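Structure first, then comments.
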Amino acid sequence: MTQNGLTGGRFLLVTVLNVVITAFELIGGLFSGSLSLLSDAFHNLGDALSVVLSYVAHRIGGRQQSRTNTFGYRRAEILAALLNSGILIIVSLVLAIEAVRRLLHPEPVKGDIMLLVAVISFAANLLSTLLLNKGAKHNLNIRATYLHLLSDALASVGVIVGAILITIWQISWVDPVITIIVAGYITCESWPIIKQTFRILMEAAPNLDYEAIAHDILQLPEVEGVHHIHAWLIDENNIVFSVHVNMDNLPLAKIEPTYRQIEKLLCHRYGINHVTVQAECRRGMGTDLIHKTNDWRHE
């Protein structure tokens, strides 16, 4: 069993489903002349590769810390999420450009074949989405892959609607219009993931109230000052935090209980799960919470 209850068997099944759907839609798209089916086929091929990448990153991310990676390997999943989302946006742009070309130069589409292939593809895509749904809420990597599959299911719904309209009223321009709508939806869903992964990789600070944190730490009886705060994310669920506190010149045995109080406070009230505290007497007293110098030798 992998993290979040996802098994290798589920990933394998989703991969096989996507490969089968890809072949099915390529054949159906060529016979029907449907751009949305062909675009969905290439999208599914990307999904199959995405699922494999996601699974490999998921396995790597589950490794324990080592001498070479003291914070573990969670960033592997962040990189996979960034790559998957970036591929989605590139594919969407290519599909949108081709759809515009089809609008300017319409081509005939066989709605009946398009409808049959779209219904079967929708069922398979929906099954794939349900298989990965469990891990998508708390993991950016799984969420990016889940969005791949969900976008395919939605694309299949659009293709079904388009196929019905083409079959009944022979409105061929519906096919590229649906492609553009789905491409826009995929881009809107993928962009927030890209922004969040960039924030994590750039070690941007998580959304914390640092003044409130400092105030809460100062309420502890032994603490006289708080300064030099750093906070960053290992992945979307793990916050690393370091802080300097001013205390009296006490024996280490009397300082350690305050350390534990700070760790407990930050964990339970702010969801911080990796805390480093440095105790000082007067050094840094009254300075800013966020250290501003670029010279690390002076820290």
Side-chain angles (χ1 to χ4, degrees), residues 2-6 58 61-65 69-78 81-82 133-144 146 192-293 296 299:
T2 60
Q3 298 169 12
N4 298 311
L6 291 173
H58 197 61
R63 292 180 183 176
Q64 295 299 313
Q65 292 92 334
N69 292 76
T70 57
F71 278 112
Y73 296 81
R74 298 292 182 86
R75 289 283 174 88
E77 295 199 76
I78 301 303
L82 176 62
N133 179 58
K134 186 175 182 180
K137 295 180 181 178
H138 307 292
N139 186 296
L140 273 177
N141 176 37
I142 304 300
R143 195 182 313 160
Y146 171 81
I193 293 179
I194 287 180
K195 288 203 303 184
Q196 190 172 358
T197 54
F198 260 113
R199 281 181 55 81
I200 292 172
L201 293 172
M202 290 298 295
E203 296 191 345
N207 186 22
L208 296 171
D209 188 338
Y210 298 104
E211 284 71 24
I213 289 174
H215 177 268
D216 290 342
I217 294 175
L218 283 169
Q219 303 311 302
L220 300 176
E222 303 293 347
V223 178
E224 298 178 358
V226 176
H227 61 281
H228 199 164
I229 285 177
H230 284 291
W232 66 99
L233 290 160
I234 297 299
D235 58 21
E236 71 272 30
N237 299 314
N238 291 283
I239 300 175
V240 179
F241 187 91
S242 69
V243 60
H244 291 211
V245 296
N246 297 106
M247 302 175 67
D248 285 335
N249 188 16
L250 300 170
L252 189 60
K254 292 187 177 181
I255 293 176
E256 283 185 352
T258 301
Y259 277 9
R260 288 194 291 271
Q261 286 179 295
I262 293 173
E263 290 170 356
K264 185 177 180 181
L265 165 70
L266 294 176
C267 178
H268 293 291
R269 191 168 296 179
Y270 297 98
I272 298 169
N273 47 14
H274 186 102
V275 178
T276 300
V277 182
Q278 179 173 320
E280 300 169 329
C281 287
R282 292 290 171 264
R283 181 173 180 264
M285 177 75 82
T287 59
D288 294 334
L289 283 180
I290 309 299
H291 201 50
K292 292 185 173 61
T293 181
W296 289 80
E299 294 188 4

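Atom set for the values below is all heavy atoms of this structure, side chains included, hydrogens, waters and symmetry mates excluded. Source: prediction; values computed, not measured.
- Applying the side chain to side chain donor-acceptor pair (under 3.5 Å) rule to Tyr270 yields the partners Asp216; only residues at least two apart in sequence or on another chain are considered.
- Glu211 places none of its side-chain heavy atoms less than 4.5 Å from the side chain of His215.
- Closest heavy-atom contact between Met247 and Ala279: SD-CB, 4.0 Å.
- In this structure, the separation between CD1 on Ile217 and OG1 on Thr258 is 11.0 Å, given to the nearest 0.5 Å.
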Test log, rule side-chain contact (heavy atoms from CB on, under 4.5 Å), inputs Glu222 and Lys254: CA-CA 9 Å; Glu222 303 293 347; Lys254 292 187 177 181; over 6 Å; no

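- A heavy-atom distance below 4.5 Å is not found between the side chains of Lys264 and Arg260.
- Considering only heavy atoms from C-beta on, Phe198 stays 4.5 Å or farther from Gln196 through its side chain.
- Between Asp248 atom CG and Ile255 atom CD1 the span is 9.5 Å, to the nearest 0.5 Å.
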side-chain contact (heavy atoms from CB on, under 4.5 Å) between Val275 and Tyr259, intermediate numbers included: CA-CA 9 Å; Val275 178; Tyr259 277 9; over 6 Å; no

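- To the nearest 0.5 Å, atoms CG (Leu233) and CE (Met202) are separated by 13.5 Å.
- Taking each heavy atom of Ile200 and Ile234 in turn, the nearest pair found is CG2-O, 3.7 Å.
- Closest heavy-atom contact between Met285 and Cys281: CE-O, 4.2 Å.
- Nearest heavy-atom pair, Pro206 versus Ile239, reported as atom, atom and distance to 0.1 Å: CG-CG2, 3.8 Å.
- In the displayed structure, Asp209 atom CG is contacted under 6.0 Å by more than 12 heavy atoms of other residues, nucleotides or ligands.
- Once rounded to the nearest 0.5 Å, the distance linking CD of Gln278 with NE2 of His244 reads 4.0 Å.
- If you take NE2 on His274 and SG on Cys267, they are separated by 12.5 Å, rounding to the nearest 0.5 Å.
- Between Tyr210 and Phe241, the ring-plane angle classifies as parallel under the 30° and 60° cut-offs.
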Run the side-chain contact (heavy atoms from CB on, under 4.5 Å) test on Val240 and Ile272 for me, step by step, so that the C-alpha distance in whole Å, both residues' side-chain angles and the decisive distance to 0.1 Å come before the verdict. CA-CA 7 Å; Val240 179; Ile272 298 169; over 6 Å; no

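- Between the CG atom in Leu266 and the CG atom in Leu208 there is a gap of 9.0 Å [rounded to 0.5 Å].
- Shown here are the side chain to side chain donor-acceptor pair (under 3.5 Å) partners of Asn238, two or more places apart in sequence or in another chain: Asp235, Asn273.
- Across all non-hydrogen atoms, the minimal contact from Asn246 to Arg282 is ND2-C, 3.9 Å.
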